[in-house]
Amino acid sequence: MQCLGILGVGELTEKVVHGLRRSGFDGRIVLSPRNAQRAQALASGYDCEVMSDNQSVVDHADLIILGVRPESLSELVAQVRLRPGQCLVSLLAGIGLDQLSTAFEGARCVRVMLSYAAQFNQSTVVVCPADNLAQQWLGPLGKLVVLEDESSFELATVAACMNGWFYFLLHDLQQWLCDRGLPANQARDLVLGNLQDCLSSAREQPELTLKALGQAIATPGTFTAEGLAVLMHQPVSATWGAACEVVLDALLTRAQTPDDH
Ligand SMILES: NC(=O)c1ccc[n+]([C@@H]2O[C@H](COP(=O)([O-])OP(=O)(O)OC[C@H]3O[C@@H](n4cnc5c(N)ncnc54)[C@H](OP(=O)(O)O)[C@@H]3O)[C@@H](O)[C@H]2O)c1
C-alpha cells in the first residue's frame, strides 16, 4: 500500500490531509508526533497514524511532505535520514532546492506551493521542478502548475501571498456594503458573487487579457467607468505592487542566507 509521510503537522499540512482524503486517497498517511493534539485529531478523523518519531515517518513513507516552518528546518534535518532517491516535497516558502538537497543528501527534492483551498481540492498547486510522483500525489489537491525554474517559483510564492491578501480587500468591500445597511451575509454574497462572475468570465475567455475584460465593462459613460476613474486616480495597485516587491525581496534574501534558519 502506498504510504505518505508528513513531517510537521501544522495548519497547511492538516489541510493537505483533509484534501487528500476528500479526493479518495486511501493509502497510509503517517505523521510526525509533534503538535500531538492536531496529529491525534487527524489520526482519528482522517485515518492517519502518528509515529513515535520523525525517522519512523521517513522509514515508512514512499513520499514525504515537509511542512515545518523554515526556522525549524535545521532541527528537523538533524533528526532524519532519507533513503537515496526518496521523494521529499517541501512546502517551505523561501527555502531553495540547493538548500534542500544539501540538507537532505541523496533525496529527490521538489518544492510545492499551495493554499488552504487544498482542503477542498481547489488549490493552485505549484510544483518545481516537474516530478511525476509529486504531481500524481498532490494533483488531486487542485490545479497543477508545473514550473521548471526556481525564479518563477519564487514569483508563484508571491502569488500565493496574494491569496491571503485578497481576503482583506474582499472584507473591506463587504464592510462598505454593511456600513450602507446591507446585512453581512448579503454583503458577503454580493462581493463573492461578483468576484465569482469575474473569475468565470476570465477563465472562459483565456484569449482575452484581464485588462480587456475590465475595459469591456468600464466603457465610457458607465457607472463602472465613473468609479474606475477614482481607482485609477489613487491606484491601489501601486500599494499591492509594493507588497509584492517586499515579499519577493524577503524570499530572495532568505534563499541567500540559509544560516538564518
Ligand atoms: N500557512 C500557509 O498558508 C502556507 C502557505 C504556503 C507555504 N507555507 C509553508 O508551510 C510551512 C508550514 O506552515 P504552517 O502555517 O502550516 O506552520 P505551522 O502551523 O506552524 O506548522 C508547522 C508544524 O511543524 C511542527 N514542527 C516544528 N519542528 C518540528 C520537527 N522538528 N519535527 C516535526 N514537527 C515539527 C510544529 O510543531 P510545534 O507547534 O510543536 O512547533 C508545527 O506543528 C511553512 O514552512 C510555510 O512557509 C504555509
Side-chain angles (χ1 to χ4, degrees), residues 4-20 29-43 46 48-61 64-82 88-97 99-100 103-104 109-120 122-128 134 138 141-145 147 150 152-168 243-244 246-248 250-255 257-258 260-261:
L4 172 72
I6 294 191
L7 294 173
V9 178
E11 292 289 345
L12 189 57
T13 48
E14 176 189 71
K15 272 67 173 185
V16 168
V17 171
H18 291 182
L20 286 175
I29 300 181
V30 294
L31 308 175
S32 53
R34 204 153 134 175
N35 208 335
Q37 211 177 345
R38 196 189 291 266
Q40 202 45 58
L42 287 175
Y46 291 83
C48 301
E49 299 163 54
V50 184
M51 307 310 270
S52 55
D53 54 37
N54 288 340
Q55 186 60 46
S56 322
V57 173
V58 170
D59 291 343
H60 286 85
I64 298 161
I65 296 182
L66 185 60
V68 298
R69 292 194 173 224
E71 57 269 27
S72 305
L73 181 61
S74 49
E75 177 195 340
L76 181 129
V77 168
Q79 297 167 339
V80 293
R81 182 171 289 271
L82 274 63
L88 176 87
V89 169
S90 167
L91 301 177
L92 280 66
I95 302 291
L97 289 169
Q99 287 168 262
L100 292 168
F104 301 99
C109 299
V110 181
R111 295 179 72 184
V112 166
M113 186 55 56
L114 35 73
S115 77
Y116 286 3
Q119 65 192 305
F120 308 115
Q122 292 185 48
S123 175
T124 303
V125 182
V126 187
V127 178
C128 176
L138 298 180
L141 298 177
K143 186 172 166 37
L144 277 173
V145 176
L147 299 175
E150 275 196 289
S152 300
F153 188 84
E154 303 305 357
L155 293 177
T157 305
V158 178
C161 292
M162 293 176 193
N163 161 69
W165 302 337
F166 287 144
Y167 288 106
F168 294 93
C244 292
V246 164
V247 172
L248 182 60
L251 284 167
L252 297 178
T253 308
R254 178 177 280 180
T257 53
D260 287 355
H261 309 287

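First listed ligand is number 1; within each ligand, the first listed atom is number 1. Residue numbers start at 1 and run along the sequence shown. What you see below is based on every heavy atom in this structure, not just the backbone, and it leaves out hydrogens, waters and symmetry mates.
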- Query: Heavy atoms under 4.0 Å from ligand 1: which residues qualify?
  - Reply: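 Near ligand 1, by chain and number: Gly8, Val9, Gly10, Glu11, Leu12, Ser32, Arg34, Asn35, Asn54, Gly67, Val68, Arg69, Pro70, Ser72, Glu75, Leu76, Gln79, Leu91, Leu92, Ala93, Met113, Leu114, Tyr116.
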
So, does [X] use its side chain to make a donor-acceptor pair with the main chain of [Y] at under 3.5 Å?
X	Y	result
Ser90	Leu92	yes
Glu150	Gly96	no
Arg81	Val58	no

- Message: Could you tell me if Asp53 and Ser56 have a donor-acceptor pair between their side chains, going purely by distance under 3.5 Å?
- Response: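 Yes.
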
- Item | Qualifying residue, where the test is side chain to side chain contact (heavy atoms under 4.5 Å, CB included) with Ile65 and the options are Val17, Thr13, Leu12, Val112 |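 Answer to the side chain to side chain contact (heavy atoms under 4.5 Å, CB included) test with Ile65 among Val17, Thr13, Leu12, Val112: Thr13.
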
- Query: Considering residues at least two apart in sequence or located in another chain, which fulfil the salt bridge (charged side-chain N to carboxylate O under 4.0 Å, His left out) criterion with Arg38?
  - Reply: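 Counting only residues at least two positions away or on another chain, Arg38 forms a salt bridge (charged side-chain N to carboxylate O under 4.0 Å, His left out) with Glu11, Glu14.
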
